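Worksheet for the structure shown next.
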Amino acid sequence: MPEGPELHLASLFVNRLCGGVVFTGAVTKSEVSKSPGVAFSCAAYRISAASRGKEVRLTLTPIKSDDKRRGKAGEADRPVDIVFRFGMSGYFRFTPEDEVPKHAHLRFHSDERPRRVLSFVDARRFGSWRAGGSWQPGRGPCIMLEYSSFRQNVLSHLSDRAFDRPICEALLNQKYFNGIGNYLRAEILFRLNIPPFVQARGVLEDLHPEETKGQIPDKKTQEQKMVPDLLRLCHSIPLEVVNMGGKGYDPEKADYSDFEAWLQCYCVDGMSSVRDHNGRTMWFRGDPGPLVPKDSKSVKKRTKKDDHQDQKVAGTSSNNKKEKVIQRQTKKEKSSSEEETSGTVRRSERQRRTRSTDGK
DNA sequence: CGTCCACGTCTAC
DNA sequence: TAGACCTGGACGG
C-alpha cells in the first residue's frame, strides 16, 4: 500500500492510536532484518509521527518523570527520530502483544497491561529505517504537504535531464515527485488525458508558477485555475486517497474494496498497459505517446476473481527481463497488435475473454 | 507443483 | 539499463 497517501495515512494512524500511549523499554528488531537496530531504551516515552512524500518519521520522546531516577546506563533522555521507507509492502500495526503480525521487523512496546506493540511490518523487506537521521537527502518536497515548494521545485528545474524522460517516468522521480508511485501516476495522467509517453518537459513547461499571492486574478486566470493542471493533480489526487479515510492504506480486504473502487485506470479492466523503460507497468487509456518503448507489449488487465480473464494482445515480443522468454514475432503480428493497442481503441467491445495466443 | 506479478528503491556492470 | 533485494497471492497444469 505504500505511496504518498499510504505513508501519510500511516502517520495519522500512529498519532491517532498511539497518541495517548506510554511506551517503555527497548525498541526490538527482528533477527532477519538488515536494517540497523535502534539504540533507544527508555522507561517511559511517547511516539508521534509525521510524513513527507514516501517517508514516515517516528519521534520517540522520553517522558520526564518527577523522580529523577534516570541515569540508568543506556537510558535515553533526548527525543530520537526514526525515518522509515516502506518499500513495496511496509505498514504499521498496533496490536496486543500476542497478536504481533508476521514480518514485524521493528517493534515498540507499550507500558500497558496487557501490553500492546506498535510494529513496522514489511513482508518483502524492501523497506528500511534509519535512526537519528532526517528525511532522505535528495527527495523533493512532499506532493501533499508541501505543495507550494513541490511545484516550485519542479518548475524551476525543468532544464534537468530528468524531464527529458517520458512524463510517466519523470513522475516516479522522487527528487521532484516525492510521494508519487505507480498507481498515482496512472490515475493522474488518466484524469487529464495526458499520454504517458510524451516528454515531461513539454507537459510542464507551460504551467504557471502559480500561487501568485496578492495578485487579483483576471477572468482568464480564474478560468485557468478552474482546470487543475498536472502539478495540482499531483497534490489533490493523493489527497483524495487520504480523505477516503484509511481505505487504501489498510491491507485488510474489507477496506481495500473502497480503494479499488476509487481507481479509474490503474489495474482497471479495459485499460491498456505497457512496461516503461524501467520495467514498471504503466496503465493508461488511448494513445501511449511517442516515447513508448519500442518493444513494449500491451496487456489487457487480468481480473482477480470474478471474471478471471487473462488476455494478452497478440503480437510483439514478450520482453520479460527475468525469464527471458524469447518469443518469435512476425511483422504481420506486430502491426496488427499496434493497430489494436495504441489507437485509443475504444473498448466498446466488452472485454473479450478470448485468450489470443501471443506470438506463438 | 510451477510461473508471473506486485503500491520501490539501490548499486553494479 | 539490468539485476538484486524479498514474500506471497493469483492463476495454470
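The structure displayed is predicted, hence computed values, not measured ones. In the text below, chain A, chain B and the rest are named by the order of the sequence lines, each starting its count at 1.
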5' precedence on DNA chain B between A/Asn182 and A/Arg85 (nearest-nucleotide basis):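 Upstream on the strand: A/Asn182.
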Check whether any side-chain nitrogen or oxygen of [X] sits under 4.0 Å from OP1 or OP2 of [N], and answer yes or no.
X	N	value
A/Gln174	B/dT9	yes
A/Arg275	B/dC5	yes
A/Lys102	C/dG8	yes
A/Arg280	B/dC7	yes
A/Ser89	B/dA6	no
A/His277	C/dA2	no
A/Arg124	C/dG8	no

Do we see A/Phe86 stacking on the base of B/dG8, given a limit of 5.5 Å between centres and 30° between planes?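 The ring of A/Phe86 is not stacked on B/dG8.
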Give a yes/no verdict on base stacking between C/dC5 and A/Phe126: centres under 5.5 Å, planes within less than 30° of parallel.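 Yes.
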Let me know the distance between [atom1] of [X] and [atom2] of [N], rounded to the nearest Å.
X	N	atom1	atom2	answer
A/Leu171	B/dG8	CG	P	12 Å
A/Asp122	C/dG8	CG	P	11 Å
A/Asp276	B/dA6	CG	C1'	14 Å
A/Glu260	B/dA6	CD	C1'	13 Å
A/Phe177	B/dG8	CZ	P	15 Å
A/Asp164	C/dT1	CG	P	12 Å
A/Met88	B/dC10	CE	P	13 Å
A/Leu172	B/dC7	CG	P	9 Å

Have a look at A/Arg139 and say if it touches a base, only the backbone sugar-phosphate, or nothing, with a 4.0 Å heavy-atom cut-off.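 The answer is sugar-phosphate, as A/Arg139 gets under 4.0 Å only of primed atoms, P, OP1 or OP2.
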Just to be sure I understand the rule, does A/Glu55 reach a base, reach only the sugar-phosphate, or reach nothing, if contact means heavy atoms closer than 4.0 Å?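 Nothing, no heavy atom under 4.0 Å.
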Measuring only the [atom1] atom in each nucleotide, how far is [N] from [M]? A whole number of Å is fine.
N	M	atom1	answer
C/dC5	B/dC13	P	12 Å
B/dC5	C/dG13	P	15 Å
C/dT1	B/dC7	C1'	23 Å
B/dC10	C/dG8	C1'	22 Å

Between [options], spot the one nearest the side chain of [X], thanks.
X	options	answer
A/Glu3	B/dA6, B/dT9, B/dC7	B/dC7
A/Tyr183	C/dG8, B/dC7, B/dA6	B/dC7
A/Gln136	B/dT9, B/dC10, C/dT7	B/dC10
A/Tyr266	B/dG8, B/dA6, C/dT7	B/dA6
A/Pro2	B/dC7, B/dA6, C/dG8	B/dC7

Is the [X]-[Y] ring centre distance short of 6.0 angstrom?
X	Y	result
A/Phe150	A/Tyr176	no
A/Phe190	A/Phe284	no
A/Phe259	A/Tyr183	yes

Under the ring-ring contact (aromatic ring centres under 6.0 Å, His included) test against A/Phe92, which residue among A/Phe108, A/Phe86, A/Trp129 passes?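 When ring-ring contact (aromatic ring centres under 6.0 Å, His included) is applied between A/Phe92 and each of A/Phe108, A/Phe86, A/Trp129, only A/Phe86 qualifies.
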Which heavy-atom pair separates A/Leu158 from A/Glu205 by the least distance, and what is that distance?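 Answer, listing the atom of A/Leu158 first, then A/Glu205: CD1-CA, 3.5 Å.
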Nucleotide opposite B/dC7 in a Watson-Crick or G-U pair, distances under 3.5 Å: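 No nucleotide pairs with B/dC7.
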Heavy-atom donor-acceptor pair, A/Tyr91 side-chain to B/dC7 base, under 3.5 Å: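 No such pair is found, so the answer is no.
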State which residue, out of A/His105, A/Lys102, A/His103, A/Arg125, fulfils the side-chain contact (heavy atoms from CB on, under 4.5 Å) condition with A/Ser30.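 Exactly one option meets the side-chain contact (heavy atoms from CB on, under 4.5 Å) with A/Ser30, and it is A/His105.
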With A/Val100, the side-chain contact (heavy atoms from CB on, under 4.5 Å) member among A/Val121, A/Leu118, A/Val117, A/Thr28: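 Running side-chain contact (heavy atoms from CB on, under 4.5 Å) over A/Val121, A/Leu118, A/Val117, A/Thr28 with A/Val100 returns exactly one hit, A/Val117.
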